[in-house]
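Report on the structure given below.
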Number of protein chains: 2
Amino acid sequence: MGRVTIADVAKRAGVSLASTSRALNGQVASAATVEKVRAAAAELGYIPDSAARSLRTRRTGQLAFAVADIGNPVYVEMMREIESVVAAEDYRLVVSRTGDADATVDLVRDLNRGYVDGLILSPLRVTDALVTALEASTVPAVVIGRLPDGAGVDTVMADSEGGVALAVEHLVTGGARRIAFLNGPADTTPGRFRHAGFLRAVAERNDLVSAEYSAEDFTIEAGYAAASAMFDSAEDPWDAVIAVNDLVGIGIMHAAATRGLTVPTDLAVVGIDNTSLTEVSHPGLTSVDLGSTRRGRKAAQLLLARMEDPELAPRAVRVPPSLQVRGSTTAQPSSVSRFASGEGRPR
Amino acid sequence: MGRVTIADVAKRAGVSLASTSRALNGQVASAATVEKVRAAAAELGYIPDSAARSLRTRRTGQLAFAVADIGNPVYVEMMREIESVVAAEDYRLVVSRTGDADATVDLVRDLNRGYVDGLILSPLRVTDALVTALEASTVPAVVIGRLPDGAGVDTVMADSEGGVALAVEHLVTGGARRIAFLNGPADTTPGRFRHAGFLRAVAERNDLVSAEYSAEDFTIEAGYAAASAMFDSAEDPWDAVIAVNDLVGIGIMHAAATRGLTVPTDLAVVGIDNTSLTEVSHPGLTSVDLGSTRRGRKAAQLLLARMEDPELAPRAVRVPPSLQVRGSTTAQPSSVSRFASGEGRPR
DNA sequence: ATGAAAGCGCTAACAC
DNA sequence: GTGTTAGCGCTTTCAT
């Protein structure tokens with residue numbers, strides 16, 4: 001026997017095709033019909049066909065999540081949260097890589113194939129073409145990141161500036177006066193805004209010495225290489241370094257260890273994103289929490305809301321930052337794991 | 001204007017609908033027709049509809065990857081590799097959680113909705129119902145893990161036994177005689193086979209003292225808790241502990257640090273999976289590499305091959321293990337990062 | 001090489 | 001409440 005279709009079920013149940021569809025989908029139908037159809041469907045092992053239903057309803061039950069690198073823990077954490085929110089509404093999640101700027105635009109254009117009902121996108125670089133494509137898209141999209149003011153697209157933003165300010169403040173309180181910022185690629189959204197936050201926070205005080213360095217990528221390896229170069233180039237040692245993200249921060253800690261520098265006494269290190277890596281490193285990495293899981297959740301909720309009502313005015317949600325202090329900036333708790341107390345990272 | 005369909009393109013190009021389809025899909029068509037159709041499609045911004053095409057062709061261009069927890073780095077690494085292999089063939093990747101055993105079976109049954117062309121599944125627990133569902137599935141599936149002998153399903157297996165033997169051998173060479181195994185849930189595939197490997201490796205020598213403990217989950221937290229309990233219960237200290245995976249291994253290192261035990265001198269620790277976490281911890285975590293990325297790649301290749309030719313006899317591929325030695329078992333390299341030398345983890 | 005027409009499996013008007 | 005029918009957008013016979 002081939003595929004069991006709704007027609008087979010209808011015949012078996014002795015009712016019309018339409019009634020079968022209605023009964024199966026909880027539309028108006030008499031109890032008797034529902035019963036007959038249910039039984040017939042169960043006997044035949046009927047399973048509705050996605051493609052046929054999608055063609056008819058113009059809905060797929062799928063959402064896409066697109067990021068530059070699914071290997072980065074911060075995206076993994078977002079994805080996990082997004083998956084759990086949308087799965088509760090019976091949506092499946094399709095993962096895509098954004099690739100370069102052109103590929104990202106292609107990805108957005110491709111939405112018009114109708115293979116998903118919505119998109120959550122966290123682009124590393126935002127181009128005009130991307131904004132245009134997003135605004136023109138018939139498929140709802142929400143962006144985790146920063147778009148130009150007035151872009152007609154739902155966005156969920158982190159408060160990078162505020163977050164970095166928390167880090168600077170914390171370091172200064174701990175006695176640091178010479179503070180460096182180790183950026184990633186400066187032409188990216190995180191690179192730009194996190195750096196800007198650093199500049200502003202430093203400018204608000206006049207007793208700080210600061211400088212910026214930059215890693216070629218948002219990875220441990222690139223962080224290690226850039227930190228090594230930084231150590232070579234600086235005449236006087238830095239009191240502290242703020243990394244553009246946790247991966248780069250870990251790279252800095254490795255480089256420091258290689259030089260025989262002790263963290264935090266010789267050098268304090270702060271990461272950004274507060275990923276689970278911060279608790280694996282030793283000492284633990286103090287990190288700015290930009291609310292990745294909350295941003296993921298918010299993005300999913302915004303998307304679901306927009307799909308519900310496409311006429312909604314575009315919204316921009318900003319998630320507040322916080323600072324998670326660990327051993328990389330304060331000597332006390334460095335040898336005692338937080339697992340001892342049973343407290344976890346905020347979820 | 002609404003959706004641009006192939007009919008619009010046909011009209012614009014002045015040829016029939018059928019010719020338009022053929023021209024667009026590289027079927028037989030005169031150069032002139034192709035040219036006209038191409039131009040018309042470009043002018044109108046035609047984008048083919050996925051659902052309609054899928055309904056007709058019975059293909060979706062999608063593959064599913066299902067695991068227990070997309071947060072576990074080992075699955076992330078597999079997913080990354082799988083995505084890159086299948087994206088090269090223009091497949092999209094749908095991620096799903098396996099959930100409990102029943103949910104896993106439901107997931108496999110649901111394949112018959114036809115929303116994907118194939119599935120890569122890495123189940124934590126394998127039930128008879130799951131094997132039956134897999135064998136009955138009309139949609140090709142490949143399992144990363146262990147199935148009962150003779151199951152008619154493509155599988156990619158790790159050599160857990162061989163891998164754990166490498167770890168034991170390495171520890172013994174380093175002078176360890178009292179070696180514990182810290183398992184995860186014993187009723188899971190990894191729990192069962194990794195433990196079995198330990199038992200066999202230990203049994204092959206008569207100069208070892210050993211014992212098994214077990215964490216409630218494959219996580220850092222559970223590893224920490226179980227290691228703490230282990231430290232409490234053991235009369236004499238262990239020379240070394242082999243963890244069921246890297247996460248549990250990291251948990252052990254945390255617990256050791258909390259007790260004031262120095263790794264590797266007081267206690268050597270070995271993880272399994274050789275995830276990127278092994279390079280974040282300090283000292284680096286020696287780990288058994290079970291070839292997660294290779295398994296991912298192999299699984300993707302097997303799946304693509306089976307979709308190409310469904311008549312293929314089921315295959316079982318076994319990926320060889322290796323051991324990656326780091327500071328958690330040997331004192332020398334513990335303070336110098338591997339990033340100094342520029343060498344990376346095997347890919 | 002091209003066109004006419006059927007039909008993939010389903011849902012949604014519409015009439016009863 | 002139920003049945004008949006049209007049609008979602010596309011690919012693929014089957015003629016020509």
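In the text below, chain A, chain B and the rest are named by the order of the sequence lines, each starting its count at 1. Values below: all heavy atoms of this structure, side chains included; hydrogens, waters and symmetry mates excluded.
Using a 4.0 Å heavy-atom distance criterion, B:S54 is classed as making no nucleic acid contact.
Looking at A:T5 and A:D49, their side chains never bring a donor and an acceptor atom within 3.5 Å of each other.
A distance of 4.5 Å separates CD1 in B:I6 from OG in B:S21, rounded to the nearest 0.5 Å.
A heavy-atom distance below 4.5 Å is found between the side chains of A:V319 and A:V156. Two residues are said to be in side-chain contact when any heavy atoms from C-beta on lie closer than 4.5 Å; B:D154 and B:L312 fail this criterion. Using a 4.5 Å heavy-atom cutoff, the side chains of B:V143 and B:P123 are in contact.
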Reading 5' to 3' through nucleotides 11-16 of chain D, protein heavy-atom contacts under 4.0 Å coded B for base, S for sugar-phosphate only, - for none:
BBB---
Distance-only criterion, 3.5 Å: show the donor-acceptor pairs between side-chain atoms of residues 144-152 of chain A and protein atoms not counting sequence neighbours.
unit_1, atom_1, unit_2, atom_2, d
A:R146, NH2, A:E161, OE1, 3.2

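Among residues two or more places apart in sequence or in another chain, the side-chain contact (heavy atoms from CB on, under 4.5 Å) test is passed with A:V37 by A:V9, A:A13, A:V15, A:T20, A:A23, A:L24, A:T33. Contacts of A:P140 classified as side-chain contact (heavy atoms from CB on, under 4.5 Å), with partners at least two apart in sequence or in another chain: A:L303, A:R306, A:M307.
One atom, CZ of B:R3, and another, P of D:dG7, lie 18 Å apart when rounded to the nearest Å.
Rounded to 10 degrees, the angle between the two end axes of the helix from C:dA1-D:dT16 to C:dC16-D:dG1 is 30°, with five pairs used at each end.
Salt-bridge annotation for B:R80 and A:D69: present, with a side-chain N of the basic residue lying under 4.0 Å from a carboxylate O of the acidic one. A salt bridge is absent between B:D102 and B:R109; no separation between the charged side-chain nitrogens and carboxylate oxygens falls under 4.0 Å.
Scanning DNA chain C 5' to 3' for nucleotides with an atom closer than 4.0 angstrom to a non-hydrogen atom of chain B gives a first and last hit of C:dA1 to C:dG9.
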